[in-house]
Trainee: 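Before I ask anything, here is the structure I am working with.
So you know, we letter chains A, B, ... as the sequences are listed, proteins then strands, and number each from 1. In this text the structure is predicted, and so the values were computed from the model without any measurement. Below, each value reflects all heavy atoms present in this structure, side chains not excepted, and no hydrogens, waters or symmetry copies.
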Protein chains: 2
Amino acid sequence: MPRNRRPVPREEKREELLAAAAELFVVDGYEATSMTRLARRAGVTPNTLYWYFRDKDELLVAVADRFTDALLHEHASLTGRPLAAQLSWLIHRLRPVRHLVATMHGRVAVSDAVRTWHTGFHTTFEALFTRQLPGPIATDRRPAEIAVATFALEGAITHDLDDETTRQLCAVVADRLHHAATVATTPRPE
Amino acid sequence: MPRNRRPVPREEKREELLAAAAELFVVDGYEATSMTRLARRAGVTPNTLYWYFRDKDELLVAVADRFTDALLHEHASLTGRPLAAQLSWLIHRLRPVRHLVATMHGRVAVSDAVRTWHTGFHTTFEALFTRQLPGPIATDRRPAEIAVATFALEGAITHDLDDETTRQLCAVVADRLHHAATVATTPRPE
DNA sequence: CACCTTTCTTGATTGCTGTTCAAGAGCATG
DNA sequence: CATGCTCTTGAACAGCAATCAAGAAAGGTG
């Protein structure tokens, strides 16, 4: 008994499914969320999911995109605030989806879609970092400095640190970037 | 037609299975290695694996332990060399098993065995870091400084950076730790 | 020697997974 | 009315991790 043919337009329906996926992926985790359970939650048969998404990984990427868009949109209102504060905000904002962050990294090796997304995400994020700096960094050092900051952020999200350590970590990263952006050349130990 | 009862002692057989698992996990990845395929490779039926290991995650942890033991053993001969060189060595040494590193992080949320292992691994590694420092770090800053170094290392392993950026990253991390270990108090930006 | 227990291996099975296939329903257009 | 497109479905598939019950070989004990 199929009640058919566009009660809702395509994009809207896609968004519904995405919302259900986002909730289950975050609450129960990606692996623990089977397509069948997800479909049931969305009031649909599993097959329908495959009409809107190629496979489970594409669903994951779409969910990640949703989160990223929201994140960047909210972050826009933080420009001008101190770098350490921005970092702290990002970490606390992303902690609830830490499982997803870890899952994405784990599936980079498995899924082309995820790998592509991951690359793009880092590009976006590194640009965001660079924009927030008080000054330019010596071009030879810049990629490494940005990488350290990014990885520290990822680590702080996926591993659980207590609040004090998190605060200190933000201070350390911000301090380091500030230092790198103001001093033209830093002395190299031994 | 089972040819039975200890042709080889238990630990030896366990080691054989572990060796097969290590190879397949590294070459093909954890997810792509089914218990059936792994068993076939080891010349055994899938059930036998469950006699020696509780489940697939425990197999993964055992493999990770093997790698870690070997790693720490090899690293022992590097004491005294500059910190940046040690970091560089660690990164290049762990890059081939980057998939496993990512998989472990992904499964922390799924498996108790993996979570326990992961916690222990970080403890070991942070102790190793602390031991290599030229001096003590102010106790309030130390966890964060060590965390940044650890996360930078993990990031450098799991994301692919080019050689030059990797080199610079090691220099940045070593520089930062050196700085933190020699200066008693670091000024806090704004 | 016979008997029992423990250690190990196996074939068969289970419930679940992501995914695909073929078919059909509803709407739009010719 | 007919044709075609969009969407949904029930049924099925191969593969997965894991379990169960059965049995074979050895060691220990009488």
Trainee: Below 4.0 angstrom from OP1 or OP2 of D/dG15, is there any side-chain N or O of B/Ser34?
Mentor: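 Checking D/dG15 against B/Ser34, no side-chain N or O comes under 4.0 Å of OP1 or OP2.
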Trainee: Taking the six-membered ring for Trp, are the ring centroids of B/His122 and A/His159 within less than 6.0 Å of each other?
Mentor: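 So the answer is yes for these two rings.
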Trainee: Does A/Tyr50 place a side-chain N or O at less than 4.0 Å from the phosphate oxygens OP1/OP2 of C/dC21?
Mentor: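 Negative; the distance criterion is not met.
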Trainee: With DNA chain C as reference, determine whether A/Asp57 or B/Thr45 sits nearer its 5' end, using the nearest nucleotide of each.
Mentor: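 Between the two, 5'-proximity favours B/Thr45.
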Trainee: B/Lys56 side chain: which of D/dA17, C/dG18, D/dT9 is closest?
Mentor: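 Among the listed nucleotides, the one closest to the side chain of B/Lys56 is D/dA17.
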Trainee: Under 3.5 Å, is there a donor-acceptor pair linking the side chains of A/Asp162 and A/Thr165?
Mentor: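 Per modelled atom types, A/Asp162 and A/Thr165 side chains form a pair under 3.5 Å.
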Trainee: Between C/dG18 atom P and A/Glu58 atom CD, what is the distance in whole Å?
Mentor: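 Going from A/Glu58 (CD) to C/dG18 (P), I get 16 Å.
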Trainee: Hey, what's the ring geometry for A/Phe125 with A/Phe121, parallel, tilted or perpendicular (30° and 60° as the breaks)?
Mentor: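 The rings of A/Phe125 and A/Phe121 lie parallel, inter-plane angle below 30°.
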Trainee: CG of B/Leu17 versus C1' of C/dT9: gap in Å, rounded?
Mentor: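 After rounding, the reported distance stands at 12 Å.
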Trainee: Under the side-chain contact (heavy atoms from CB on, under 4.5 Å) rule, what do A/Arg66 and A/Leu18 come out as? Steps first, then yes or no, please.
Mentor: CA-CA 9 Å; A/Arg66 252 172 70 105; A/Leu18 226 42; 3.7 Å; yes
Trainee: How many Å lie between CG on A/Asp55 and C1' on C/dT17, as a whole number?
Mentor: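 After rounding, the reported distance stands at 14 Å.
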Trainee: Roughly how many Å is it from CE in B/Met35 to P in D/dA17, rounded to a whole number?
Mentor: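 That distance rounds to 7 Å.
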Trainee: Starting from the C-alpha separation in whole Å, work towards a yes-or-no answer on side chain to side chain donor-acceptor pair (under 3.5 Å) for A/Ser88 and A/Arg81.
Mentor: CA-CA 11 Å; A/Ser88 177; A/Arg81 299 195 49 191; over 6 Å; no
Trainee: At less than 4.0 Å, is any side-chain N or O atom of A/Thr48 found next to OP1 or OP2 of D/dT9? Yes or no.
Mentor: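 A/Thr48 to D/dT9 OP1/OP2: side-chain N or O found under 4.0 Å.
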Trainee: Phosphate oxygens OP1/OP2 of C/dT9: is one of them under 4.0 Å from a side-chain N or O of B/Lys13?
Mentor: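 B/Lys13 to C/dT9 OP1/OP2: side-chain N or O found under 4.0 Å.
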Trainee: Grab the CG-P distance between B/Leu49 and D/dT19 for me, whole Å please.
Mentor: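 To the nearest whole Å, that distance equals 13 Å.
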Trainee: Just the rounded figure in Å: distance from C1' of C/dG18 to CD of B/Glu31.
Mentor: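 From B/Glu31 CD to C/dG18 C1': 12 Å.
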Trainee: Send over the distance from B/Leu38 CG to D/dG15 P, rounded to a whole Å.
Mentor: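 One finds 17 Å between P of D/dG15 and CG of B/Leu38, rounded.
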Trainee: Whole Å only: how far is the CZ atom of B/Phe53 from the C1' atom of C/dC8?
Mentor: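 The distance from CZ of B/Phe53 to C1' of C/dC8 comes to 14 Å, rounded to the nearest Å.
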Trainee: Has B/Tyr52 got a side-chain N or O lying under 4.0 Å from the OP1 or OP2 atom of C/dT9?
Mentor: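 So the side-chain polar atoms of B/Tyr52 do come within 4.0 Å of the phosphate oxygens OP1 or OP2 of C/dT9, strictly under.
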Trainee: Output yes when at least one side-chain N/O atom of A/Arg10 is less than 4.0 Å from OP1 or OP2 of D/dC7, else no.
Mentor: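 It does, given that an N or O in the side chain of A/Arg10 lies less than 4.0 Å from OP1 or OP2 of D/dC7.
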Trainee: Counting only side-chain N and O atoms of A/Trp51, is one of them less than 4.0 Å from OP1 or OP2 of D/dT8?
Mentor: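 So the side-chain polar atoms of A/Trp51 never come under 4.0 Å of the phosphate oxygens OP1 or OP2 of D/dT8.
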Trainee: Taking for each residue the nucleotide of DNA chain C with the nearest heavy atom, is it A/Arg37 or A/Arg54 whose nucleotide lies nearer the 5' end?
Mentor: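 By nearest-heavy-atom nucleotide position, the 5'-most residue is A/Arg37.
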